Protein chains: 2
Amino acid sequence: MSQHKNTIVVVDDHPIVIEGLIRLLSKKPEYEIIGGFTRGEEFISFLKIATVKIVLLDIMLPDINGMDLCKTIKTISPDTVVLAFSNYQERSVILQMLANGASGYLLKESSIEEIVICINEALNGQITFSNIVKEIISRPQLKESQDFAKLTVREKEILKLIADGKTTNDIAEMLFLSKFTVENHRKNLLQKLKAKNVADLIRHATLQNLI
Amino acid sequence: MSQHKNTIVVVDDHPIVIEGLIRLLSKKPEYEIIGGFTRGEEFISFLKIATVKIVLLDIMLPDINGMDLCKTIKTISPDTVVLAFSNYQERSVILQMLANGASGYLLKESSIEEIVICINEALNGQITFSNIVKEIISRPQLKESQDFAKLTVREKEILKLIADGKTTNDIAEMLFLSKFTVENHRKNLLQKLKAKNVADLIRHATLQNLI
DNA sequence: TCAAAAATAGCTGAAAACAGCTATAAGTAA
DNA sequence: TTACTTATAGCTGTTTTCAGCTATTTTTGA
């Protein structure tokens with residue numbers, strides 16, 4: 001039964017990448033590549049009828065966002081190991097993939113050796129990253145923290161209350177301030193974090209762990 | 001100079017834990033434990049005057065939240081490796097610590113061997129987790145996805161646009177809908193996700209990776 | 001101690017959000 | 001095929017947000 005082999009699938013919009021990985025991995029008898037897909041939907045259909053042990057998943061696909069796809073994969077088949085295989089070097093993207101259930105993150109520029117090592121580690125149940133990714137994760141988001149530092153204590157306080165669903169009047173009452181004062185702080189927050197409105201403000205603040 | 005040794009600090013509110021780690025690590029000549037603190041503020045003061053290569057950080061401290069402390073540490077001293085040492089097994093907590101700059105996450109119940117291995121890996125610049133933590137990370141958050149599943153496709157679409165700072169009228173134009181329709185979807189989103197207003201909506205949605 | 005930054009308070013008017021309803025057509029699952 | 005869900009559209013009235021101003025007091029840093 002294929003369940004007992006290390007069945008691998010590659011999802012990438014460039015056929016040449018799929019081809020390369022197939023040739024690379026087919027040398028190893030312990031792997032069995034059972035599919036390659038250039039579209040997310042095709043893979044999802046396949047996943048519903050096949051047992052996939054590990055999937056190498058490109059994040060930039062034509063039909064679906066890789067982050068969402070990862071979540072979908074883990075919902076349909078929680079035991080399938082998702083290994084992100086991407087060009088994106090953004091820390092937030094890497095952490096988002098992990099949050100969505102990925103077991104690791106490989107950059108496409110990784111060496112052949114690195115790729116093989118990571119796949120092996122993933123198969124052993126480990127969380128695995130290519131070397132550059134490890135560095136990126138370890139490196140804290142200094143730029144983002146600076147934005148936060150620019151906010152005054154009062155602004156941070158009010159930002160948290162806004163995020164909590166409080167209205168301007170609510171906040172004014174809670175902090176014994178005039179509503180005009182709170183409105184000013186709110187305006188300054190929008191300006192400082194370059195947000196168009198509260199929705200935008202909260203999304204950015206949340207993603208940057210400001211609240 | 002202490003800069004060239006592997007200087008280690010332990011921050012934990014239980015002195016016995018600090019003591020245990022000191023005794024454990026002092027056997028290895030390559031480590032130099034230069035401090036143990038039961039309060040976050042004390043450690044921050046110390047960090048400003050000393051060179052710390054790695055800090056074993058308990059998340060539950062009396063005076064400050066460990067997540068915030070981690071961020072502060074990486075701001076003051078970006079090269080200091082933060083290794084979370086905690087009882088919390090919640091996936092969200094682990095990922096939050098990583099997002100805040102931690103290089104790894106150890107459970108307190110880990111074996112001595114595991115702890116030593118992880119510290120070594122961390123010193124080598126690796127991201128490291130104790131075994132149970134690896135499992136927790138690999139296990140996707142099924143519960144959280146359920147809320148998302150309750151939203152219809154159209155609602156998810158509109159939620160993303162709201163989060164992007166678009167107004168009701170913007171969205172209506174983009175999707176060729178009446179503004180009343182968009183308003184209704186918006187109302188349903190607020191109700192389904194139990195949010196008081198947009199700020200509340202976006203915060204919850206972002207934290208739950210709905211957008 | 002002097003200048004800058006932060007916090008405070010105020011005003012107006014337009015735009016947007018929100019609550020609370022009704023109602024119809026289309027698709028879907030029991 | 002019937003009942004339910006989803007998506008659509010509409011209305012009214014109130015509350016809140018937001019932009020664009022001015023201006024005073026308090027705090028802080030150089």
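Lettering of chains follows the sequences in order, A, B, ..., and the numbering in each one begins at 1. Predicted model, so just to flag it, every value in this text is computed and none were measured. Side chains are part of it too, since the values below use all heavy atoms of this structure and drop only hydrogens, waters and symmetry mates.
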Considering just the side-chain nitrogens and oxygens of [X], establish if one lies under 4.0 Å of OP1 or OP2 belonging to [N].
X        : N      : value
A:Arg154 : C:dT8  : yes
A:Thr152 : C:dA7  : yes
B:Ser178 : D:dG10 : yes
A:Thr168 : D:dT17 : yes

Base, sugar-phosphate or nothing for [X]? Non-hydrogen atoms, less than 4.0 Å.
X        : value
A:Asn169 : sugar-phosphate
A:Thr181 : base
B:Lys179 : nothing
B:Asn184 : base

Name the closest nucleotide to the [X] side chain, picking from [options].
X        : options                : result
B:Leu190 : D:dT17, C:dA19, C:dA17 : C:dA19
A:Lys187 : D:dC21, D:dG10, D:dA7  : D:dC21
A:Thr167 : D:dA7, D:dT16, C:dA17  : D:dT16

Hydrogens and angles aside, do B:Tyr31 and B:Asn120 bring a side-chain donor and acceptor to less than 3.5 Å of each other? yes
Taking atom types as modelled, is there a side-chain donor on A:Tyr105 or A:Ser86 under 3.5 Å from an acceptor on the other? yes
d([atom1], [X]; [atom2], [N]) in whole Å:
X        : N      : atom1 : atom2 : result
B:Ile171 : D:dT8  : CD1   : P     : 12 Å
A:Asn197 : C:dA15 : CG    : C1'   : 12 Å
A:Gln191 : D:dG20 : CD    : C1'   : 11 Å
A:Asp200 : D:dC18 : CG    : P     : 10 Å
B:Glu183 : D:dC11 : CD    : C1'   : 10 Å
B:Leu189 : C:dC18 : CG    : C1'   : 13 Å
B:Arg186 : D:dA9  : CZ    : P     : 17 Å
B:Asn188 : C:dA19 : CG    : C1'   : 13 Å

Are there over 12 heavy-atom neighbours, none belonging to A:Phe46, within less than 6.0 Å of that residue's CZ? yes
Of B:Ile162, B:Ile171, B:Ile158, which meets side chain to side chain contact (heavy atoms under 4.5 Å, CB included) against B:His185? B:Ile158
Under a 4.0 Å N-O cut-off, is there an ion pair linking A:Lys196 with B:Asp164? no
